[in-house]
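Bear in mind the structure is a predicted one, so any value in this text is a computation, not a measurement. A note on names: the letters A, B, ... follow the listed sequences, proteins ahead of strands, and every chain is numbered from 1.
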Amino acid sequence: MLIKLQNLEGILPVKLYLPFDQEKVTIIIPTMGKEIPSRSEDYSLWYNELVKKADLAEHSDVRGCMVIKPYGYSIWEKMQQALDAMFKETGHLNAYFPLFVPKSLFEAEEKNAEGFAKECAIVTHYRLKNDPQNKGKLMVDPDAQLEEELVVRPTSEAIIWSTYKKWIQSYRDLPILVNQWANVVRWEMRTRLFLRTAEFLWQEGHTAHATADEAVKETVQMLEVYAEFAEKFMALPIIKGRKSEGERFPGAVDTYCIEAMMQDGKALQAGTSHFLGQNFANAFDVQFTNKEGKLDYVWGTSWGVSTRLMGALVMAHSDDDGLVLPPKLAPIHVVIVPIFKHEEELNKIAEKAKEITASLKKQGYTVKFDSRDTHKPGFKFAEWELKGVPVRLAIGPRDMENGTVEVARRDTKEKQVMKIDEVATKIPALLDEIQENIYNRALTFRTNLTTKVETYDEFKKVLDEKSGFVLAHWDGTPETEAAIKEETKATIRCIPLDAVEEAGKCIYSGKPSNKRVIFARAY
RNA sequence: CAGGGUGUGGCGUAGUUGGUCGAGCGCGCUUGCAUUGGAAGCAAGAGAUCGGAGGUUCGAAUCCUUCCACCCUGACCA
């Protein structure tokens with residue numbers, strides 16, 4: 001027996017199967033294919049499904065590696081464009097260094113090499129041959145072993161500093177301000193789309209300076225660039241800070257970072273900028289003659305952000321209906337969905353859409369007119385919401401009569417009716433408002449999930465019951481940090497640059513402390 | 001890498017004391033007609049060596065061995 005109940009007050013179609021001849025009663029509620037799990041049910045499942053369903057990325061046939069799909073890559077390109085302009089603005093130029101690093105170079109800076117040793121991919125051979133035992137198959141040619149193994153770069157300091165040695169003789173050759181957009185490989189045990197994959201895309205800036213002071217200024221400057229990018233473009237509120245010794249980049253003297261909070265209360269490092277001191281100059285013997293005619297080692301910095309920012313973008317703003325993209329990074333700003341019965345009607349609407357598109361395009365916005373007649377409007381609405389397009393315009397016969405459009409914003413789901421003539425002026429303003437709104441929403445969220453605690457008990461309770469950032473006093477020792485991490489899984493995300501000086505006691509050891517640091521569980 | 005889990009047409013799944021399963025269903029896909037203001041209605045149709053390889057058996061999606069991938073927890077990490 002089959003009872004079919006359909007479209008009950010707008011609910012999804014429901015079919016009730018009542019097999020009286022069986023003991024069990026099965027109720028089947030068909031899913032619509034594009035639906036994603038809710039955040040509250042299973043946050044990480046929500047994230048994974050959203051990334052896939054919104055066409056950002058998918059798993060590849062290579063373990064731990066992802067395919068970034070065109071829509072996802074468009075967003076990354078937007079990020080690249082914005083960042084690249086900022087790098088150029090601050091005097092940097094792009095260059096490209098090899099993917100492979102000879103092992104001897106790689107191991108030159110010991111701490112750095114040690115830090116990455118456990119997750120390096122290594123090239124040992126340069127040729128395959130037909131397998132005599134196994135027809136049609138290939139095998140590594142044992143006669144084609146490399147004299148020196150090549151490390152696939154997990155980061156490029158080694159190859160770059162060995163090159164800088166050739167470029168630098170005098171203070172007149174400094175500073176060197178270079179950035180590269182590249183892929184790197186870190187052989188991760190556990191991977192997640194965008195957040196942690198074996199191969200990922202990033203940019204890495206590598207600069208060389210005559211003085212420590214100048215290098216530190218560069219480090220801080222690039223941190224500011226990242227902070228500005230995160231807040232202005234990604235609408236992502238961040239906290240600028242320095243890493244504790246335990247969380248510092250291997251090979252760096254000082255690591256600065258921007259830390260963001262995701263909707264599940266976990267922290268995510270969104271960018272890092274390192275003051276390398278003279279560590280790499282020492283390791284690669286990069287010396288220059290200074291103005292006084294004396295030899296000195298060069299001071300370095302390096303800084304980077306990766307496709308991990310894509311993960312941050314998703315986890316910071318999106319909701320159960322799909323992506324919520326900040327207009328400044330959205331590949332499509334406005335989608336126009338026509339509502340029509342006949343082709344004739346569609347043509348009329350298309351004309352209007354063309355006008356609207358032209359007026360917005362002139363102002364630098366990307367507009368998509370979704371004229372597919374293979375899908376109904378409701379389907380399109382849901383689809384563009386899933387993809388996070390900030391503004392949707394719907395134009396139907398009624399609108400054509402009244403000279404109006406229906407405007408829906410993705411961030412709040414609010415709809416309003418607007419005069420068509422006003423679209424060209426009001427939509428840009430609306431996009432700005434959306435950009436601001438999602439930033440503010442994320443900031444409010446973070447503020448609500450930021451807690452000051454005085455005792456270790458309180459600390460643990462907040463972590464378990466509330467999550468988020470916990471501001472607490474710390475005695476500054478790696479031992480305390482390690483113990484807290486061991487017991488609670490929370491790490492020191494950063495020592496905020498704007499931390500207020502205040503006398504207090506370390507929550508763990510009770511020793512004196514003069515400012516609070518940010519603890520959180522992190523990605 | 002350790003512990004746990006999962007793997008069935010493109011996606012989500014039913015089915016696992018071995019045999020009416022010669023694998024069912026929903027979404028998606030194709031064709032025709034219809035429709036279009038929130039996930040398209042009717043009809044017909046295509047699509048699966050049940051993750052791979054071996055094995056047990058008269059018989060395997062179902063049992064065994066092994067490998068692979070993904071998910072969760074841990075260690076590690078941007």
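With respect to the salt-bridge test (charged N to carboxylate O, under 4.0 angstrom), the residues A:D399 and A:K419 do not qualify. Salt bridge annotation for A:E385-A:R410: absent, with no cationic side-chain nitrogen under 4.0 angstrom from a carboxylate oxygen. In this structure, A:K240 pairs ionically with A:E224, as a charged nitrogen and a carboxylate oxygen lie closer than 4.0 Å. A salt bridge is defined here as a Lys NZ or Arg NE, NH1 or NH2 lying under 4.0 Å from an Asp or Glu carboxylate O, and A:R521 with A:D464 meets this definition.
Here the P atom of nucleotide B:C72 and the OH atom of A:Y47 are 11 Å apart, to the nearest Å. The separation between A:K53 atom NZ and B:G10 atom P is 16 Å, rounded to whole Å.
Every side chain to side chain contact (heavy atoms under 4.5 Å, CB included) that A:A252 has, sequence neighbours left out, goes to A:R248, A:F249, A:T255, A:H274, A:L276. Listed by chain and residue number, A:K243, A:C257, A:A267, A:Q269, A:R493, A:C494 satisfy the side chain to side chain contact (heavy atoms under 4.5 Å, CB included) test with A:E259 (two or more places apart in sequence, or in another chain).
Side-chain proximity of A:A382 to B:C76, B:U35, B:A39: nearest is B:A39. Nearest to the side-chain atoms of A:H375 among the listed nucleotides B:G38, B:G74, B:C29 stands B:C29. Nearest to the side-chain atoms of A:K489 among the listed nucleotides B:G38, B:C29, B:G74 stands B:G74. Of the candidates B:G38, B:C76, B:A78, the closest approach to any side-chain atom of A:T197 belongs to B:A78. Out of B:A39, B:C71, B:C72, the shortest distance to the side chain of A:H59 is found at B:C71.
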Q: Using the ring pair (Phe, Tyr, Trp, His ring centres under 6.0 Å) rule, take A:F469 and A:F519 through it: C-alpha gap first, then chi angles, then the decisive distance, then the call.
A: CA-CA 6 Å; A:F469 289 172; A:F519 283 91; over 10 Å; no
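Residue side chain A:F379 fails the stacking definition with respect to B:G38, as its ring centre and the base's six-membered ring centre are not both under 5.5 angstrom apart and under 30 degrees in plane angle.
Taking the C1' atom of each, B:U8 and B:A69 are spaced 15 Å apart, rounded to whole Å. Separation of the C1' atoms belonging to B:G54 and B:G74 is 33 Å when rounded to the nearest angstrom. Using atom P as the reference point in both B:G38 and B:C72, the two lie 36 Å apart (nearest Å). Taking the P atom of each, B:G18 and B:C63 are spaced 8 Å apart, rounded to whole Å. With both ends at atom P, the span from B:G12 to B:G28 equals 15 Å, rounded to whole Å. Spacing of C1' atoms, B:G19 relative to B:G15, comes out at 14 Å, to the nearest Å. Rounded to whole Å, the C1' atom of B:C64 lies 22 Å from the corresponding atom of B:G3. Using atom C1' as the reference point in both B:A39 and B:U49, the two lie 35 Å apart (nearest Å).
Looking at A:K413, its side chain has no donor and acceptor atom pair within 3.5 Å of the base of B:G38.
A:E487 and A:Y508 form a side-chain donor-acceptor contact under 3.5 Å, judged by distance and modelled atom types alone.
The stretch residues 388-407 of chain A comes close to RNA chain B through A:R392, A:A394, A:G396, A:P397, A:R398, A:D399, A:E406, each having a heavy atom under 4.0 Å from the strand. A heavy atom closer than 4.0 Å to some atom of RNA chain B occurs in A:I339, A:F340, A:K341, these being the qualifying members of residues 338-346 of chain A.
Although no hydrogens or angles enter the test, the distance criterion places no donor-acceptor pair under 3.5 Å between the side chain of A:D84 and the main chain of A:Q80.
Between B:G37 and A:K376, a contact under 4.0 Å exists linking OP1 or OP2 to a side-chain N or O.
Within the cation-pi definition used here (under 6.0 Å to the ring centroid, within 45° of the axis), A:K354 does not qualify as a partner of A:F369. The cationic group of A:R392 lies under 6.0 Å from the six-membered ring centre of A:F381 and within 45° of the ring axis, placing it in a cation-pi geometry.
A:T491 comes within contact range of no nucleotide atom at all, as no heavy-atom separation falls under 4.0 Å. Using a 4.0 Å heavy-atom distance criterion, A:S44 is classed as a sugar-phosphate-only contact. When heavy atoms are screened at a 4.0 angstrom cut-off, A:L45 is found touching no nucleic acid atom at all.
Using cut-offs of 30° and 60° for the angle between ring planes, the A:F200 and A:W202 rings count as perpendicular.
Sorted pairs that involve residues 332-348 of chain A and meet side chain to side chain donor-acceptor pair (under 3.5 Å), not counting sequence neighbours, are lacking altogether.
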Q. Based on Watson-Crick and G-U pairs with both distances under 3.5 Å, what dot-bracket line describes RNA chain B 5' to 3', crossing pairs as [ ] and inter-strand pairs as |?
A. ((((((((.[[[[.)...(....]]]].(((((.......))))).....[[[[[..)....]]]]])))))))....
